[in-house]
Amino acid sequence: MFHNSSQKKYWIFKSEDELEHMRCKANQKFRNKALESGKKPGVSESMFLQRHEEDVLFRHYERRLLEFCNAFKPTMPKSVVGTALMYFRRFYLSNSVMEYHPRIIMLTCTYLACKVDEFNVSCTQFVGNLVQETPAGQERVLEQILEYELLLIQQLNFHLVVHNPYRPMEGLLIDLKTRYPTLESPESLRKTADDFLTQAAMTDAGLLFSPSQIALTAILNSASRAGLNMESYLTQCLGLKEEKETLSKMYDSMRRMKTLLKKYEPPKLEEVNISKQRLERIHAEFASSSNKRKRGYEEDGHVAKEPRLVEEEWTDEDLI
Amino acid sequence: MICGRDHGDQNTAQIVDLGFTLHRRRRNRLLKSVVQTEMDEQGCPRCKTTKYRNPSLKLMVNVCGHTLCENCVEMLFVRGSSNCVQCDTPLRKSNFRVQLFEDPTVDKEVEIRKKVLKIYNKRDFDFPSLREYNDYLEQVEDIVYNLTNNVDVENTKLRMEQYQRENRDVIQRNKAKLTREQEELEELLLQEQQSNEQRRLEVLQEEQRQLQAKRKNKQALLDELEQSQLPATLLLAQHKVRAAQLETQIEQQKQAVKPTSLFSTGIHMRQTVSLQPVTKIEDVLYHYRPLQVETYGPPVPELEQLGRLGYLNHVRAAVTQDTAGGYTSGLACYRAIQDAFSGLFPLRG
């Protein structure tokens, strides 16, 4: 359950500032490492991506991830999509997009999420969903995914169980139908609440609030949109009549969550392209110098085996 | 205890108790030699083919560690002593023993070990601490290893002689103890054998008696039919009754158990046992406290109450196929409610 899960212990943070701080640290860490490793000509501070550019790229690849999962055959259950998004988000909390390219990490996240959530897809079936690639290209992608899988698990600190807000939402709807007859048809709230949850998955809400809180916010939000008042649910059914403080704190979190969702804006195409170009340059520059560390999880000083294949560059258009 | 295989018998493996424990270094080699296939054995180094043609032929090993088949031994050592075929060491015919292991070096080591242990026969209670006993065992293994692999033979022999001189009386004492123990064991074995024999004889005698009784019964019937005035059917009926009685008697005798004088643990029935009370150990009495888990949310109704409270009306009903495996719709409902309420309230602090 969520209350004694690793998600609550290690992956719920106090504020958005803390998250921003962690991401800046990751950015800085990569800059230091890159500057240290090679004093090559052509490498300068200005090459590196700024925080807001990294953000743009992150949001762009997140959308690609969502589209890939939605177009997946067989149909991917929502919990798998949620888990994959959460992995993606957590990974880039402590790593920079400049160090590990998002397009590989995004597929690795989805692959791992399928395994963890017991959505049984064979690896060939998985890469078969990359319709733009030739079978040989799909093979290459698969090899890359398998290389980065262990790194991903390590960066998630081996905390693989992710609690998504979908089942709490179902539970709340059941509870509403049973104990709250004032609300005539809770089913009508389902669609808008679902959309709210999908939007929330694209924000940092999963790293700041518990999934049941997100689900409750979704339902209250869709109720207020429909013009229904559900305050009495909180006071009566959830037993919060006396607990004024808890109630106000909960309203506070809900307000914060709604702000987060409002703040989210889909990335603009020109910005994305510019940032992407700069990203490719950085990867070309530093991937060649750190060729030996292609197997991401090896330690320093380890003698690497011969690379099994020459890593060919496949582009984003190959994805969907 | 390690086991050797008698090469003389191809089809069954006879277990031979060699009476000592093997150092782990040697054990792997030994295990390899025990696990072997039937026909694919080494031939005699001299007359190579004869081994396959004659499966009952035995291989013999001598002190140098090389093997020869029985016939070759006969032929070569007709004079009583000769030199080994492979290593040219002078050997005596009497030193040849039947090979027990596939690898002749193992046999050689076994022989050497027997000789060494005749001298180094201290036991674990002869030593004040475990460490010293292990050091002693390590010494023994070193000596055996050296002698087997012809490493530093002179020094090792000197060491052995020195030890023998120093510990002469301990060796004697242990030898005596060993023989005493062996005698006791043999006595027990003999006793067991004797009691087994007795039991067997008794059973045989019983059977004899029963057979006799039956025969007598039959004879009695014939006699009566001949002599008595009563009608034949009556006599037959009487005979049947008597036969039935005999049968029950036999059954009862079989059931009767001889009273023993020994409990199964070995204590004699009449032996008095100490009835001192065992020392009392008092500890704090255990009180059960049910597990409290903080869920940071409103209380969840019990699984059994869900139906009564009306939750199950809003959950998809379980298909008969699902209920066969033990699934109820209450389980899914309970999980959803638990997830909905877990972590709902803001965390303290």
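Numbers restart at 1 for each chain; the letters A, B, ... are given by sequence-line order, proteins then strands. For clarity, every value in this text was computed on a predicted model and none was experimentally measured.
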Self-check item: Part of B:L312 within contact of chain A (heavy atom distance under 4.5 Å)
Solution: neither
Quiz item: Any Lys/Arg nitrogen of A:D194 or A:R190 sitting under 4.0 Å from an Asp/Glu carboxylate oxygen of the other?
Solution: no
Practice problem: Flag yes if more than 12 heavy atoms outside A:R225 fall under 6.0 Å of its CZ atom; otherwise flag no. | Solution: no
Self-check item: Toward chain B, the part of A:T246 with a non-hydrogen atom under 4.5 Å
Solution: both
Self-check item: Neighbour count above 12 (heavy atom, 6.0 Å) for A:H159 NE2
Solution: yes
Exercise. Decide if the gap between the ring center of A:F126 and the ring center of A:F119 is smaller than 6.0 angstrom.
Key: no
Quiz item: So which of B:P301, B:C333, B:A332, B:A336 has the biggest tally of heavy-atom pairs under 4.5 Å with chain A?
Solution: B:A336
Quiz item: Would A:F88 and A:F58 satisfy ring pair (Phe, Tyr, Trp, His ring centres under 6.0 Å), going step by step from the backbone distance to the final call?
Solution: CA-CA 9 Å; A:F88 195 62; A:F58 179 81; 5.2 Å; yes
Quiz item: Is any side-chain heavy atom of A:Y87 less than 4.5 Å from a side-chain heavy atom of A:L160?
Solution: yes
Quiz item: By number, which residues in residues 161-186 of chain A have some heavy atom less than 4.5 Å away from chain B?
Solution: A:R167, A:P168, A:G171, A:L172, A:I174, A:D175, A:K177, A:T178, A:R179
Quiz item: With distance as the sole criterion, is a donor-acceptor pair present between the side chains of B:R308 and B:Q305 under 3.5 Å?
Solution: yes
